[in-house]
Amino acid sequence: MTDMVLETVARIIIPFIQLFGAYVLMHGHLTPGGGFSGGTIIGASLILYSMVFRFSPRKHRIEHDTSLLFEAGGAILYILMGLLGILFSKSFLTNRGIFPLGVPGELISGGMIVVITLGIGMKVAGTVITLFQELLEGGGEHHGHN
Amino acid sequence: MVHAPVLIVVTLLLAAFIVPLLYRKLPVAQVVFLLGIVISSIFSIRMAFLVLREGTLTYYLGGWLPPYGIEVVADAFGAYASLVLALISLPISYFVVFAPKEVNTPARYMALILLLMAAMQGMVLAGDLFNLFVFIEICSLSAIAIIAVKGTRDSIEASFRYLVLSALGSGGILFAIALIFMITGHLNMGYVRESLAVTASLYPLNILTALAFIFVGFSVKAAIFPLHVWLPEAHSNAPTASSALLSGLVVKAYLVAFIRIMYMVIGTELFVALPLRPILLILAACAMLVGSTFAIVQNNIKRMLAYSTVAQMGYIVLGLGLFSQRALEGSILHILNHAITKSLLFLAAGVIIKQTGTNRLSDLKGMGRKMPFTFAAFTVGSLSMVGIPGFAGFVSKLYLALGALDIGQIIFAALILVSSLLNATYYFPIVVNAFFGQTEATHQGSDPRKSVMAPLAVFALAVVFMGLFPSVVMPLVRQAAGLLQP
Amino acid sequence: MAIIEKLSTNLYYLVAIILFIIGFHTMLTHNNLIKKIMGMNIMDTSLFLFFVSIGYRRGGIAPIIKEGIVEYVNPVPSALILTGIVISLSFTAFALGLVILLYKHYGTLDADKIIAMRSREIG
């Protein structure tokens, strides 16, 4: 079953949702928002994508492996950033003295916070879409639980 | 700065996120899984030695000092609990890798176990209330998941029931944390305690409500007597390794967290002043009697072991209620001894069920002659459970009984004796029937291959070792018990 | 009047407690598994409201320093509750997954019927 109105609207709207998600994600250290909020917005756009195009003959679908990679990759990125602190013989998750802190209020500032937020965003977006698809496929019977 | 306290958790977490990525290459995933557990255990053992030598270790995440930063506190009690978790998890994870598969998604199962271990380690080391809460939630979720991962109807139903009750418990704990934050304005345990010394008398209602919610919340999670209803179903329907982890470690990790809140946040003075101890004593007595009585009438081997866990949690709570030095030592020692013994029994039960194809105790007559090593391991576990001298369970029960006598509570010493007799009435018939009963021709079975038997052998040796040389861990136990004393 | 005044200053707490009781009640007494999950969510939300209202100050804004503004909301509870929401989300998703599997196995969402079916099999 295809619906032209739905597909066209989705095609127009999804990039903007994702752009907004990226904005919230990148400005996590400057404005309210951040990893979880931005990640959820991007995840929501992916849900919309798979809801609209899933039932089309082309079988668009975010592959399981891709979402898994995002999910695990985001968390691993976070942990590695934290471990950098230990590598520089400071404490876990140290920010000051390792990363350039920049000028407060500018986009590239706050040291590793941007990177960590990005990791969280990846993780959340991956998790949201995985949850949606696995629930759709029947409580995770095919892939096990998440 | 010693990084061990935080690295214990981080190693497990890192492994937990790498393992699911490798689900197509299972051998690699298994290596990463074992590496994660082993490395984290090494950190844990190192930390235990450091704490024993130098006293409490603190670690500030990101170099931010409390009350703003997140603090990790490894005192004697936390280090001891972390050591127990690490030592028990090693043979169990070996079993997970080498025993016959019980789940369809082994990579995810291993990731969940790593997540569970990380959450439990975090729970016993966290230095502030909110991180404690987060770890409790991760622990609950992954504990439920390692039951549901078996995929049978019963396991899914049991895990749903566990989930509902667990969510109630979490709600209670979060509410209590909110109430404490409301009057102290801190979440760091040390600062909360300092602030409570002043504010507790100003807002007694808040503190009482918070205590009640903490108590109920942790009672659900640690299966303290009247709120243990989810435990038998959940623990008996889980995969073998999960049962061992859940019964051996998870319920105790919650209890450890509860005890840490009691002495690090509420303060032992307040704990003694409030009528909490009589409540704990009564609940413990009920748990010991009711748990054992229910265990006697079970015919399903794993459900019997699960009810036995309810009774054994009663012992640990009893020591907490008695609150004399030796009773506390017994209680803390029993956390380790019961973890070893129950893990041994659950692994043995899992092997027996797998090899014979039956979980009914009445079908096991004469099986001991067919699978002597498995039943020998089971026998060692039973002897320890009953409290025969020379086995681990005896030592901690002795300390508990002496602790009861120290403060003149003869009735509780008698209760320990009665409960031990009750234990004997359901453990010994299994052993006796297995070795001396008539074999029924319907059930076949033999000892599994050596790699599956290895964890059982390790646990059985550990039971005997702890029975003969309890002094190995006593310095740490004594320090931990000293922390709890006012 | 004193009571009304007290209630109006503690309105958020009062509403949070009422919601908590509603959620708790729904969770324990309803047979429908989906309603149980809804109860769980109401209970969690009530706790979030309670926690956030501890840090709320009338007229305060988000704690990003700007000139000329003196009143800020305490950010700690809000930050914590963000984590709480994530946890609640995962609990809900997991519970829904379990409910789907239960429905596949039993063909019903009624907890009583599931228990009855189980006891019939055992007995």
Side-chain angles (χ1 to χ4, degrees), chain B residues 67-68 112 115 128-131 133-145 147-188 206 209 213 216 233 299-300, chain C residues 10 13 16-17 20 23-24 26-28 30 33 35-37 39-55 74 76-77 79-84 86-106 109 111 114-115 117-118 121-122:
Chain B
Y68 307 107
L112 284 172
L115 207 55
D128 70 309
L129 286 171
F130 198 77
N131 278 295
F133 172 72
V134 171
F135 282 124
I136 287 171
E137 295 292 82
I138 300 173
C139 184
S140 309
L141 213 49
S142 41
I144 298 161
I147 302 168
V149 81
K150 195 177 183 184
T152 63
R153 237 167 65 158
D154 290 347
S155 71
I156 287 163
E157 212 230 324
S159 53
F160 188 79
R161 189 182 302 177
Y162 186 12
L163 184 132
V164 170
L165 281 169
S166 196
L168 283 177
S170 311
I173 295 169
L174 185 60
F175 188 56
I177 292 173
L179 284 170
I180 292 176
F181 179 74
M182 202 168 158
I183 56 168
T184 59
H186 286 296
L187 287 163
N188 182 292
N206 266 32
T209 320
F213 271 95
V216 173
E233 285 293 313
N299 194 21
N300 176 331
Chain C
N10 292 328
Y13 297 149
I17 300 294
F20 185 85
F24 197 85
T26 314
M27 210 165 160
L28 286 186
H30 279 260
L33 298 179
K35 281 187 185 164
K36 273 187 199 290
I37 297 175
M40 187 170 92
N41 273 302
I42 294 172
M43 197 182 78
D44 283 344
T45 313
S46 79
L47 289 170
F48 301 157
L49 174 63
F50 189 85
F51 221 126
V52 167
S53 54
I54 295 172
N74 184 354
V76 175
L80 300 182
I81 286 320
L82 192 62
T83 316
V86 179
I87 292 168
S88 164
L89 173 94
S90 15
F91 254 88
T92 311
F94 186 56
L96 285 174
L98 287 180
V99 166
I100 292 175
L101 289 182
L102 277 178
Y103 187 77
K104 273 190 184 157
H105 284 303
Y106 289 97
L109 287 176
I114 290 177
I115 291 171
M117 282 166 85
R118 272 176 58 90
E121 272 166 32
I122 293 166

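Order of the sequence lines fixes the chain letters, A, B, ..., with proteins taken first and strands second; residue numbering starts at 1 for each chain. Remember, it's a predicted structure, so these values are computed and weren't measured experimentally.
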Exercise. Could you look at C:Phe91 and say if it's the side chain, the backbone, both or neither that has a heavy atom under 4.5 Å from chain B?
Key: both

Self-check item: Proximal component of C:Ser88, with respect to chain B [non-hydrogen, under 4.5 Å]
Solution: neither

Quiz prompt | side-chain hydrogen bond (donor to acceptor under 3.5 Å, both in side chains) involving B:Asn299 - partner list, sequence neighbours excluded | solution = B:Ser362

Exercise. With rounding to the nearest 0.5 Å, note down the distance linking CZ in C:Phe94 to OG in B:Ser142.
Key: 9.0 Å

Self-check item: Reported OH-to-CG distance for the pair B:Tyr162 and C:Leu98, which is rounded to 0.5 angstrom
Solution: 13.0 Å

Quiz item: Is it the backbone or the side chain of C:Leu33 that comes under 4.5 Å from a heavy atom of chain B, or both, or neither?
Solution: both

Quiz prompt | C:Val76: partners by side-chain contact (heavy atoms from CB on, under 4.5 Å), with sequence neighbours left out | solution = B:Phe181, B:Leu187, C:Asn74, C:Leu80

Quiz item: If you count heavy-atom pairs under 4.5 Å between each of B:Ile177, B:Ile138, B:Leu168 and chain C, which one has the most?
Solution: B:Leu168

Quiz prompt | Residue selection (most heavy-atom pairs with chain B, distance under 4.5 Å) from C:Val86, C:Val99, C:Leu102 | solution = C:Leu102

Practice problem: For the pair B:Phe130 and B:Phe133, evaluate ring pair (Phe, Tyr, Trp, His ring centres under 6.0 Å) and give the outcome as yes or no after the intermediate values. | Solution: CA-CA 5 Å; B:Phe130 198 77; B:Phe133 172 72; 5.8 Å; yes

